[in-house]
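Inspection log for the structure reproduced underneath, given as structure tokens.
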Amino acid sequence: MPDKPDKYDFHAIEPKWQRIWAERGLFRTTMRADKPKFYYLDMFPYPSGDLHMGHVRNYIIGDVIARHLHMRGFNVMHPMGWDAFGLPAENAAIERGIHPADWTRSSVAKMKQQFDALGITYDWSREINAAAPDYYKWTQWLFLQLYKAGLAYRGEASVNWCSSCNTVLAREELEGAACERCHTPVEIRRAPGQWFFAITKYAERLLADLALLDKWPERVRVMQENWIGRSEGVSFRLRLEGREDYLEVFTTRIDTIYGITFMALAAEHPLVEELIAGTEYEQPVREFVRQVALEAATDREAAATEKKGMFLGAYCLHPLTGERIPIWVTNYVLLEYGTGAVMAVPAHDQRDLEFAREYELPVKVVITPPDQSLDPDTMTQAYLDPGLMVNSGEYDGLGSEEFKQVIADRLEAEGIGRREVNYRLHDWLISRQRYWGCPIPIVICERCGDVPVPEDQLPVLLPEKADYTPTGESPLARVPEFVNTTCPACGSPARRETDTMTTFVDSSWYYLRYASPDAVDVPFRREEVAYWLPVDKYVGGVEHAVRHLLYSRFITKVLYDLGHISFQEPFTELFTQGMIYIDGHKMSKRGRVVRPEEISDKYGTDTGRTFILFVGPPDQDAEWSDRGVEGCHRFLQRVWRLVEENRGLYLAEWREVLHGGTAGATPAALEGTHRAIRRKTHQTIQTVTDDIANMRLNTMISAMMELTNELLPFAGEVGAEDTAGRAVLSEGIWALLHLLSPTAPHICDELWSRLGGEGSLYEQPWPEHDPAIAAAETITIVVQVNSKVRDRLEVPADMPMEQVQELALALPGVQKHVEGKQVRKVVAVPGKLVNLVVG
RNA sequence: GCCGGAGUGGCGGAAUUGGCAGACGCACCAGACUCAAAAUCUGGCGAGGCUCACCCCUCGUGCCGGUUCGAGUCCGGCCUCCGGCACCA
């Protein structure tokens with residue numbers, strides 16, 4: 001008999017096993033031919049220096065998957081790194097008055113320690129840091145590849161400016177009309193010399209290839225689709241009255257072309273100024289344009305409700321009828337989309353209708369619904385659906401959908417217009433006027449213009465000393481040693497580009513670097529990328545559904561086109577985990593935050609790991625519950641007691657006993673409880689295995705709780721002489737520890753070693769279930785009368801249904817309801833139920 | 001407005017292909033152990049009715065309707081909540 005059972009001392013057990021795993025280098029991964037590879041990736045975090053349980057959920061989900069797949073025989077790569085550049089680090093550093101590099105370093109150390117305390121299987125030999133020169137050297141290389149391919153260009157743009165952060169914001173960094181970080185309303189500014197990546201050139205492929213991503217959540221694919229915002233239409237020209245030039249418009253509703261009653265221009269449209277110059281409209285229109293610019297910057301929401309505009313005193317001519325069409329400037333047309341000018345058809349566009357009513361402009365119906373007629377003078381809702389053409393010259397009576405094609409053909413044939421596809425997606429503005437980012441490897445020479453830094457001169461190092469307080473110009477511009485250089489092309493004195501890149505560039509390629517984190521001469525080695533990539537499973541928050549994932553897909557396609565990699569989509573499967581709420585708030589924002597240390601101090605990290613999985617379906621949001629944590633701790637306590645208190649009954653050779661026929665314990669000879677427990681064990685193996693494969697990690701825990709709840713009382717019944725019973729119990733315990741080990745690895749490894757097991761369960765093969773043992777030999781048949789459950793029948797699984805029917809009919813509970821009535825129909829579903837329809 | 005997702009006990013949530021609604025956990029109640037409490041263990045726990053311990057009956061998965069022997073699950077129409085996009089022409 002073993003010594004007196006020990007208590008579950010997680011304070012001792014957890015560090016002990018973490019040390020053993022680290023010493024043995026258990027989680028280090030290399031390329032190998034004998035196993036299938038699996039690249040599991042967590043989205044790498046900003047090193048904020050403080051993990052809470054909301055973040056932890058992401059990493060535990062990943063760890064369970066990685067551990068499980070390793071036990072299943074996969075060569076699993078499970079790396080971690082740091083998205084270390086960027087505003088959060090810089091702002092935190094400014095607040096605390098320390099250098100961003102120092103702050104980042106200490107944050108990384110803290111978080112790494114937190115990860116290790118969670119028992120996560122990261123391969124730290126692959127750790128990467130986006131702010132380290134050996135990494136950002138290759139981010140600069142990436143920039144140069146895009147530059148050479150004509151995909152990186154400089155342009156002037158009207159940009160969203162945050163006066164608090166003193167920087168340009170990408171559209172992606174906005175929340176409504178405010179800065180997503182500090183919620184200051186943005187201003188619109190003209191900014192020259194900004195760098196862009198030409199992602200719109202890839203819009204079509206980024207959209208089309210979404211269809212390949214069948215292992216991505218529908219939700220995310222839809223969000224990307226919306227973001228790209230493809231729309232098909234026609235763009236055509238209208239001759240300006242009294243001038244030689246034209247006004248170009250884009251429309252998706254060319255079928256309403258005969259319904260145009262005015263033209264609407266964006267306030268910033270260049271033609272506005274031209275048309276009013278020297279006219280009586282000049283002053284008032286200029287004033288109006290200034291008002292619109294102000295409103296657009298501060299209060300886009302309100303502007304959206306109230307439509308305003310002003311006549312420019314100019315006309316253009318309808319390309320088909322030659323009618324004079326008044327040109328208006330408005331606050332509801334966007335310069336950035338289409339041509340910045342719209343053909344207004346009030347009868348068939350709600351916005352145009354509202355505008356027309358406001359300024360008493362004519363409304364002309366050109367499409368009528370089949371069963372009613374529209375009154376242009378009183379209608380308040382524009383008619384948007386298809387119908388029959390009216391007031392449209394020789395086309396009257398044609399279906400509007402058909403007319404759409406007919407008129408597009410005619411406009412193309414006459415050279416007036418052409419079919420065109422427009423996207424909402426804009427080119428990707430990557431310039432940031434900030435210090436803590438990757439310098440853009442460009443030298444500006446007065447003679448040569450923009451000159452890319454030669455690749456052999458990379459990295460362009462970020463100077464350590466800089467006044468990084470934001471002022472609007474890049475802090476790097478105030479570091480003469482950095483700015484002043486010589487032109488790589490002609491050797492004359494030149495200046496460096498002083499903007500840095502947005503961190504989304506850093507994170508758009510990091511998954512490639514994990515394959516070759518130590519590569520010195522190349523960003524990654526071809527053979528290693530070919531082996532590991534694409535990422536098999538990528539898990540992170542849905543907040544990255546659009547920007548990070550779209551940029552990564554774009555960069556992957558660019559690198560594919562340039563011949564650096566051989567795949568076009570970086571992430572085969574995507575899983576977005578839900579957020580953890582506490583007291584009704586996201587754990588990340590105001591309100592209470594639970595740090596992993598609080599849980600591990602009180603209950604152990606295994607308890608925290610178990611709870612964060614058990615809390616709910618991984619893809620859904622969940623509410624934190626201190627009580628729920630206690631429940632999971634009780635579960636682990638029961639597991640501990642089950643194994644530790646019954647060590648004396650454990651038979652390491654249970655397999656031989658159960659399968660070798662010793663002591664009359666062959667499966668066939670097992671009876672009653674023994675048989676039932678074996679069945680439960682094998683059913684649990686099956687359930688847990690399926691649940692992990694389908695990311696049902698909450699029900700996976702439930703299944704193991706059920707098994708534990710059956711094994712505990714069973715253990716109390718098994719006597720020392722009952723070899724068969726001991727073998728059945730041992731198999732149950734053996735299976736439970738293996739199945740539970742990805743979730744609660746420390747307690748399982750400890751109990752495993754106490755049973756005499758070798759090493760870590762991480763190195764053990766995953767259990768397999770025997771379907772014959774898992775199969776129930778008796779089943780419960782539900783007996784219904786008129787679809788109401790009246791009784792149940794316990795029968796052998798292989799009993800023919802005719803026989804089951806007879807038994808069912810004879811049941812007293814059934815007889816009562818059938819008596820005196822005629823059985824009209826019998827529905828018998830094998831293995832499930834018998835339904836007697838009587839009346 | 002458009003698109004996507006979700007509505008199940010007091011709570012979080014279970015429920016292959018339509019087939020025993022409420023697994024597992026929390027909370028709660030009762031009992032055991034204890035001088036007592038905590039911990040632990042055992043049992044109970046959707047609502048209503050009745051010939052109220054037991055049995056039995058009716059109702060019950062946001063609402064209304066449909067298909068079906070049978071609907072949480074499928075179809076149609078609504079309501080509510082969450083998320084994304086939003087004068088995108």
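Chain naming here is simple, since letters A, B, ... match the order of the sequence lines and numbering starts at 1 in each.
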For RNA chain B, what is the dot-bracket line, given that a base pair needs Watson-Crick (N1 to N3, plus N6-O4 or O6-N4) or G-U wobble (N1-O2 and O6-N3) geometry with both distances under 3.5 Å, and | means paired with another strand? (((((((..(((......[....))).(((((.......))))).((((......))))..(((((..]....))))))))))))....

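Heavy atoms of A:Arg230 sit nowhere under 4.0 angstrom from any nucleic acid atom. Heavy atoms of A:Pro617 sit under 4.0 angstrom from primed sugar atoms or phosphate atoms, though from no base atom. Within 4.0 Å (heavy atoms only), A:Val542 reaches no atom of the nucleic acid at all. Residue A:Arg221 is classed as having no contact, given no heavy-atom separation below 4.0 Å to the nucleic acid. In this structure, A:His348 reaches neither bases nor backbone, as no heavy-atom distance under 4.0 Å exists between it and the strands shown.
Remark: A:Lys586 is not in phosphate contact with B:rG83, judged by side-chain N or O atoms under 4.0 Å from OP1 or OP2. Regarding contacts with the backbone of B:rC82, every side-chain N or O of A:Arg219 stays at 4.0 angstrom or more from both OP1 and OP2.
Here the P atom of nucleotide B:rA89 and the NZ atom of A:Lys307 are 14 Å apart, to the nearest Å. Distance A:Gln822 CD to B:rC69 C1': 15 Å, rounded to the nearest Å. If you measure from atom NE2 of A:His426 to atom C1' of B:rA86, you get 13 Å, rounded to the nearest angstrom. Atom C1' of nucleotide B:rA89 and atom CG of A:Leu247 are separated by 13 Å, given to the nearest angstrom. The separation between A:Asn331 atom CG and B:rA89 atom C1' is 14 Å, rounded to whole Å. Atom-to-atom, CD of A:Glu225 to C1' of B:rG84 comes out at 12 Å; the value is rounded to the nearest Å. The interatomic distance linking A:Glu623 (CD) with B:rA6 (P) rounds to 21 Å, in whole Å. In this structure, CZ of A:Arg641 is placed 8 Å from C1' of B:rC41, rounded to the nearest angstrom.
Every side-chain contact (heavy atoms from CB on, under 4.5 Å) that A:Met223 has, sequence neighbours left out, goes to A:Arg219, A:Ala545, A:Val546. When the side-chain contact (heavy atoms from CB on, under 4.5 Å) test is applied to A:Pro617, the partners found at least two apart in sequence or on another chain are A:Asp619, A:Gln620, A:Asn698. Applying the ring pair (Phe, Tyr, Trp, His ring centres under 6.0 Å) test to A:Tyr603 and every residue at least two apart in sequence or in another chain returns A:His633. Under the ring pair (Phe, Tyr, Trp, His ring centres under 6.0 Å) criterion, A:Phe403 pairs with A:Tyr395, not counting sequence neighbours. With sequence neighbours excluded, no residue forms a ring pair (Phe, Tyr, Trp, His ring centres under 6.0 Å) with A:Phe575. Considering only residues two or more places apart in sequence or on other chains, A:Glu806 meets the side-chain contact (heavy atoms from CB on, under 4.5 Å) condition with none of them. Residues satisfying the side-chain contact (heavy atoms from CB on, under 4.5 Å) test with A:Ile416, not counting sequence neighbours, are A:Phe236, A:Pro319, A:Leu411, A:Glu414. Partners of A:Glu717 according to the salt bridge (charged side-chain N to carboxylate O under 4.0 Å, His left out) rule, which considers only residues two or more places apart in sequence or in another chain, do not exist here. Here A:Tyr359 pairs with A:Trp328, A:Phe355 under the ring pair (Phe, Tyr, Trp, His ring centres under 6.0 Å) rule; sequence neighbours left out.
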Nucleotides 71-76 of chain B: protein proximity per nucleotide (B base, S sugar-phosphate only, - neither; heavy atom, under 4.0 Å): ------

Nucleotide by nucleotide, 5' to 3', does protein get under 4.0 Å of the base (B), only the sugar-phosphate (S), or neither (-) in nucleotides 18-34 of chain B, counting heavy atoms? -BBS-BBSSS-------

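A:Thr778 and A:Glu794 are linked by a side-chain donor-acceptor pair at a separation below 3.5 angstrom, with hydrogens and angles left out of the test. Remark: the A:Arg419 side chain and the A:Gln405 side chain contain an N/O donor-acceptor pair separated by less than 3.5 Å.
The gap from the C1' atom of B:rC26 to that of B:rG13 amounts to 11 Å, rounded to the nearest Å. With P as the reference atom, B:rG9 and B:rA23 are 13 Å apart, rounded to whole Å. Rounded to whole Å, the separation between the P atoms of B:rU16 and B:rG72 comes to 13 Å. Between the C1' atoms of B:rG22 and B:rA30, the separation comes to 22 Å (whole Å). Atom C1' of B:rC81 sits at a distance of 15 Å from the matching atom of B:rU8, rounded to the whole Å. Comparing B:rC54 with B:rG49, their P atoms sit 15 Å apart, to the nearest whole Å. When the P atom is compared between B:rG70 and B:rG18, the two are found 15 Å apart, to the nearest whole Å. Spacing of P atoms, B:rC28 relative to B:rA37, comes out at 16 Å, to the nearest Å.
Here the side chain of A:Val342 is nearest to one of B:rG84, B:rG4, B:rA89, namely B:rA89. Across B:rC3, B:rC59, B:rA89, the shortest atom-to-atom separation from the side chain of A:Lys788 is found for B:rC59. Of the listed nucleotides (B:rC3, B:rC69, B:rA89), B:rC3 has the atom at the smallest distance from the side chain of A:Val222.
Look at B:rG25: its glycosidic torsion is beyond 90° from 0, and that puts it in the anti range.
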Decide ring pair (Phe, Tyr, Trp, His ring centres under 6.0 Å) for A:Phe635 and A:Trp640; before the verdict, give the C-alpha distance in whole Å, the side-chain angles of both, and the deciding distance to 0.1 Å. CA-CA 9 Å; A:Phe635 163 56; A:Trp640 177 269; over 10 Å; no

With side-chain hydrogen bond (donor to acceptor under 3.5 Å, both in side chains) as the criterion, how do A:Ser231 and A:Asn422 come out once you've worked through the C-alpha distance, each side chain's angles and the decisive distance to 0.1 Å? CA-CA 5 Å; A:Ser231 64; A:Asn422 259 295; 5.7 Å; no

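The only option from A:Thr687, A:Asp690, A:Asp691 that meets the side chain to side chain donor-acceptor pair (under 3.5 Å) definition with A:Thr699 turns out to be A:Asp691.
Nearest-nucleotide positions on RNA chain B for A:Asp349 and A:Arg790 put A:Arg790 closer to the 5' end.
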